[in-house]
Amino acid sequence: MSYETILLNVEKGIATITFNRPKALNALNAELLTEFSAALDEVAENKDVHVLVLTGSGEKAFVAGADITELAKLNALQAKLFAKKGHDAIGKLQGLSIPVIAAVNGFALGGGSEMALACDFIYASEAAKFGLPEITLGIIPGFGGTQRLPRLVGANMAKEMILTGKMLSAAEAKEIGMVNRVLAPDALMEETLKTAGAIAAKGRVPVRAAKQAVNSGLNVDLATGCAIEVDAFALCVASSDAKEGTSAFLEKRKPVFNAG
Ligand code: CO8
């Protein structure tokens, strides 16, 4: 399928979705959200895809937020529908069984930060800037920022960002635990794809099980989380990935997962 506002590329088990409205700093309009959601379906249905990477086109932005030209025209009901559209797409992203890495190449503001927060982890270029500036527009984050940011960096840090609307540099975002690695701009994609490749070479079953166990465990008490892990562990032990991984160790060779 071809898209107008995003690019979808699949290579060596890794899908890359690039937000592609560089003239509007890749802002999220209704068309982009519809296409993004369809691309996620395409990725989810492709059995050859083991990892998804998200990035932005152009030098300046990952995503500079929801499209303010569209936002400015909405009444309350339309705003609710637009917020739901964003939540549905970003919820679908977070619910993918394969890992997702955000390669944040520039501004990740408002909906852009919210998109990155729904990924499994974030690598950022030294040029990246993060923030939830909605308060400056007289609104609040509407694509999950008030919920996902405090879960990741703690309530107080999240409230300072949301209430002031201030931007953080990539280094500051790393300091508060929002970003895993900060890289030179021209090393961002290479390093992100290297990590994606390392994950794609692991067994499909344990990768999905590990992601799901961590995510499910975050919403429950420790005992329930540990029970989730036990079930997921048993599922992995019964898989051909465990057979290959343990046999390879005992036979002193490198395991080959996802061969067939
Ligand atoms: N929406 C639409 N267009 C945008 C956006 C945006 N979010 N951001 C930038 N653009 C456009 C500019 O209008 C400009 O277009 P043009 O060339 O036609 O004038 C072009 O992109 C380049 O931008 P600038 O000239 O402003 O570039 P600067 O380098 O001077 O500034 C900034 C870059 C700092 C990123 C600046 O563009 C900016 O502040 N952008 C807005 C950031 C923002 O406030 N984002 C939050 C938006 S609200 C949101 O995300 C809410 C999500 C939940 C929605 C819930 C729905 C109900």
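Just so it is clear, the values below take in all heavy atoms, side chains as well, and ignore hydrogens, waters and symmetry mates. Just follow the structure's listing: the first ligand is 1, and inside any ligand the first atom is 1. We're numbering straight along the sequence, starting at 1.
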Self-check item: Heavy-atom proximity to atom 4 (C) of ligand 1, best of A83, G145, A24, G86
Solution: A24

Under 4.0 Å from a heavy atom of [X]: which atoms of ligand 1 are those, numbered in the order shown and with their elements?
X: F143; value: 52 (C), 53 (C), 54 (C), 55 (C)
X: K23; value: 15 (O), 20 (C), 21 (O)
X: E114; value: 52 (C)

Self-check item: CD (E59) with more than 12 external heavy atoms under 6.0 Å
Solution: no

Exercise. Among residues two or more places apart or on two chains, list those pairs meeting ring pair (Phe, Tyr, Trp, His ring centres under 6.0 Å) that have a residue in residues 103-122.
Key: F121-Y123

Quiz item: Quick one: are L96 and L40 in side-chain contact, heavy atoms under 4.5 Å?
Solution: yes

For [X], which part has a heavy atom under 4.0 Å from ligand 1: side chain, backbone, both, or neither?
X: A64; result: both
X: F107; result: side chain
X: A27; result: side chain
X: K60; result: side chain
X: L74; result: neither

Exercise. State which residues pass side chain to side chain contact (heavy atoms under 4.5 Å, CB included) with A83; sequence neighbours excluded, sorted by chain then number.
Key: none

Quiz item: How are the rings of F143 and H87 set relative to one another: parallel (under 30°), tilted (30 to 60°) or perpendicular (over 60°)?
Solution: perpendicular

Quiz item: Any idea which protein heavy atom is nearest atom 9 (C) of ligand 1, and the distance to it?
Solution: L25 CD1, 3.7 Å

Quiz item: Heavy-atom contact under 4.0 Å between K129 and ligand 1?
Solution: no

Quiz item: For the ring pair F62 and F130, is the centre-to-centre distance below 6.0 Å?
Solution: no

Quiz item: Taking NZ, NE, NH1 and NH2 as the nitrogens, is one of them in R21 or E4 under 4.0 Å from a carboxylate oxygen of the other?
Solution: no

